[in-house]
Peer 1: 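Let me give you the structure first, and then I'll get to my questions.
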There are 2 protein chains.
Amino acid sequence: MDGTTDGSRATTSAERSLLLDDQLCFALYAASRAVTARYRPLLDELGLTYPQYLVLLVLWERDSISVRELGAALQLESSTLSPLLKRLEANGLLRRERRSDDERSVAIRLTDEGAGLRDRARAVPMAIGDAMGLTPEQDATAKQLLRLLVANVTER
Amino acid sequence: MDGTTDGSRATTSAERSLLLDDQLCFALYAASRAVTARYRPLLDELGLTYPQYLVLLVLWERDSISVRELGAALQLESSTLSPLLKRLEANGLLRRERRSDDERSVAIRLTDEGAGLRDRARAVPMAIGDAMGLTPEQDATAKQLLRLLVANVTER
DNA sequence: CACTAAATAGTTGCGCACGACTTAATGGTG
DNA sequence: CACCATTAAGTCGTGCGCAACTATTTAGTG
């Protein structure tokens, strides 16, 4: 069926290949979606999407954070976060209130329900870690390479 | 400002951390978006989005492919591809026609314009490769780890 | 103090991404 | 042949993700 484009074709070094399978960027794109897909059933039980889960990870670490700080932590724009936070607020997991000392800023605070979700989420990282099935060394290498990549790609 | 959660906290081995920065999955998610963002200005000049570019990569390799085969190559559902292919067709880059031998199937064929775009796209992988700034060894390691990860995560 | 520039969050429009579903065609099976 | 499960593509609804823009508040400057 799909043996046609398998394996390792030769690539000139002067000009990079246009072959899909040669490209790290596609591996990255596919891996990110595959991992998110693996999260889905686990997060469904918590009533969360993956980005919502990431927001809660940040808030469980440090509550009462501004949208700006949240965006810095997750590398997301306010145009992504604002509606997402509204949905989490509608679901009763957090509250948004203008800061009195700076009315431009909005403090995101977990409700008791949002804070309580943390216990139910504790098993998630381990389940995902198991599913990823990398050795601790591979995991560390991957994280290190991805951070280097992000640093390089976002500079300038 | 953000030195508060930096660095390397200790993590118990029995139970994985809920810290954002400890998680490979977040590194993956952030890296994927960062790389796509780096592509954006290059692809804007070609009038393409990143997923559209991926579709063309496949078609430049092997024209007259079905939606199903395209989905297998990119790991995307027909519900994602159908509207995307419609947009590419509206932009004059490809045509979709039912196969006569199997009327369920739709053959995607590049137009001359779509095929011609390949030359203008040749510089893209190199520009991205440079921006990613990994050594060939690091690039190979990353691809290898990501493929292993995808294989593990999607099994069962 | 008046006025402008910067910062913060939000809105809008568009294009994915995917689950759930629909429609149509095909391939068995008895 | 009739029937039904399977396959292929597409539609619909929801939630990101981001560029471009807006509204409001704050900071800085003469």
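Just so we're on the same page: letters track the sequence lines, and every chain starts at 1. Side chains included, hydrogens not; waters and symmetry mates left out as well; all remaining heavy atoms used.
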Peer 1: Does a side-chain N or O from A:K86 land closer than 4.0 Å to OP1 or OP2 of C:dA9, or not?
Peer 2: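 For A:K86, the contact criterion (side-chain N or O under 4.0 Å from OP1 or OP2 of C:dA9) is not met.
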
Peer 1: Of all the nucleotides listed (D:dG10, C:dA25, C:dC16), which has the minimum atom distance to the side chain of B:L84?
Peer 2: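 Nearest listed nucleotide: C:dC16.
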
Peer 1: Nearest whole angstrom, please: distance from the P of D:dG10 to the CZ of B:R99.
Peer 2: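 Taking CZ of B:R99 and P of D:dG10, I get 12 Å after rounding.
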
Peer 1: Using distance alone, with no hydrogens and no angle criterion, decide if A:Q144 and A:T141 have a side-chain donor and acceptor under 3.5 Å apart.
Peer 2: no

Peer 1: May I have the distance from B:E97 (atom CD) to D:dA9 (atom P), rounded to whole angstrom?
Peer 2: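 One finds 13 Å between P of D:dA9 and CD of B:E97, rounded.
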
Peer 1: From C-beta outward on B:R40, which listed nucleotide comes closest to its side chain: C:dT8, C:dA17, D:dC18?
Peer 2: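 The answer is D:dC18, which lies nearest to the side chain.
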
Peer 1: So which nucleotide from D:dG17, D:dG10, C:dG10 ends up closest to the side chain of B:Y29?
Peer 2: D:dG17

Peer 1: Measure the distance from CD1 on A:I65 to C1' on C:dA9 and round it to the nearest whole Å.
Peer 2: 15 Å

Peer 1: Would one find a side-chain N or O of B:S78 under 4.0 angstrom from OP1 or OP2 of D:dA9?
Peer 2: no

Peer 1: Does any residue of residues 46-60 of chain A have a heavy atom under 4.0 Å from DNA chain D, and if so, which ones, in number order?
Peer 2: A:T49, A:P51, A:Q52

Peer 1: Of B:T80 and B:R33, whose nearest nucleotide on DNA chain D comes first from the 5' end?
Peer 2: B:T80

Peer 1: Side chains of A:E97 and A:V106, heavy atoms from C-beta outward: is any pair under 4.5 Å?
Peer 2: no

Peer 1: Distance check needed: C:dA17 C1' versus A:F26 CZ, whole Å only.
Peer 2: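 Roughly 14 Å, once rounded to whole Å.
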
Peer 1: Can you tell me the distance, in whole Å, between the CZ atom of B:R98 and the P atom of C:dA25?
Peer 2: 8 Å

Peer 1: With a 4.0 Å cut-off on heavy atoms, is B:S105 in touch with a base, just the backbone sugar-phosphate, or nothing at all?
Peer 2: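 The residue B:S105 makes sugar-phosphate contact but no base contact.
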
Peer 1: In whole Å, what is the span from the CZ atom of B:R104 to the C1' atom of C:dT22?
Peer 2: 16 Å

Peer 1: Any Lys/Arg nitrogen of B:R96 or B:E89 sitting under 4.0 Å from an Asp/Glu carboxylate oxygen of the other?
Peer 2: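 Here B:R96 pairs with B:E89 in a salt bridge, since their nearest N and O are under 4.0 Å apart.
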
Peer 1: Give the C-alpha distance, both sets of side-chain angles, the deciding distance and a yes or no for salt bridge (Lys or Arg N to Asp or Glu O under 4.0 Å) between A:R122 and A:D119.
Peer 2: CA-CA 5 Å; A:R122 252 180 237 289; A:D119 284 333; 3.3 Å; yes

Peer 1: Grab the CD-P distance between B:E77 and D:dT7 for me, whole Å please.
Peer 2: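 Going from B:E77 (CD) to D:dT7 (P), I get 14 Å.
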
Peer 1: If you take atom types as modelled and just measure distance, does the side chain of A:S79 reach the base of D:dA19 with a donor-acceptor pair under 3.5 Å?
Peer 2: yes

Peer 1: Using whole Å, report how far CG of A:L43 lies from P of C:dG19.
Peer 2: 13 Å

Peer 1: A:A131: which residues meet the side-chain contact (heavy atoms from CB on, under 4.5 Å) condition with it, sequence neighbours left out?
Peer 2: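 Counting only residues at least two positions away or on another chain, A:A131 forms a side-chain contact (heavy atoms from CB on, under 4.5 Å) with A:R38.
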
Peer 1: Determine: side-chain N/O of B:R87 to OP1/OP2 of C:dC14, distance under 4.0 Å, yes or no.
Peer 2: no

Peer 1: Check the hydrophobic clustering (I, L, V, M, F, W, Y; side-chain heavy atoms under 4.5 Å; chains of links allowed) and say if A:L56 and A:Y50 are grouped together.
Peer 2: yes

Peer 1: Within the 4.5 Å heavy-atom criterion, are A:L48 and A:N91 side-chain neighbours or not?
Peer 2: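 Side-chain contact under 4.5 Å: no.
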
Peer 1: Is B:R96 near enough to D:dG10 that one of its side-chain N or O atoms lies under 4.0 angstrom from OP1 or OP2?
Peer 2: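 B:R96 to D:dG10 OP1/OP2: side-chain N or O found under 4.0 Å.
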
Peer 1: Indicate, with a heavy-atom threshold strictly under 4.0 Å, whether A:L76 touches base, sugar-phosphate, or nothing.
Peer 2: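 Sugar-phosphate contact only - A:L76 comes under 4.0 Å of backbone atoms but never of a base.
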
Peer 1: Just call it for B:S66: base, sugar-phosphate, or nothing, with non-hydrogen atoms closer than 4.0 Å on any strand.
Peer 2: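 Sugar-phosphate, backbone atoms only, no base.
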
Peer 1: State whether A:R68 places a side-chain N or O below 4.0 Å from either non-bridging phosphate oxygen (OP1 or OP2) of C:dT8.
Peer 2: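 A:R68 to C:dT8 OP1/OP2: side-chain N or O found under 4.0 Å.
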
Peer 1: Taking the basic N atoms (NZ, or NE/NH1/NH2) and the acidic carboxylate oxygens, is any pair closer than 4.0 Å for A:R40 and A:D44?
Peer 2: no

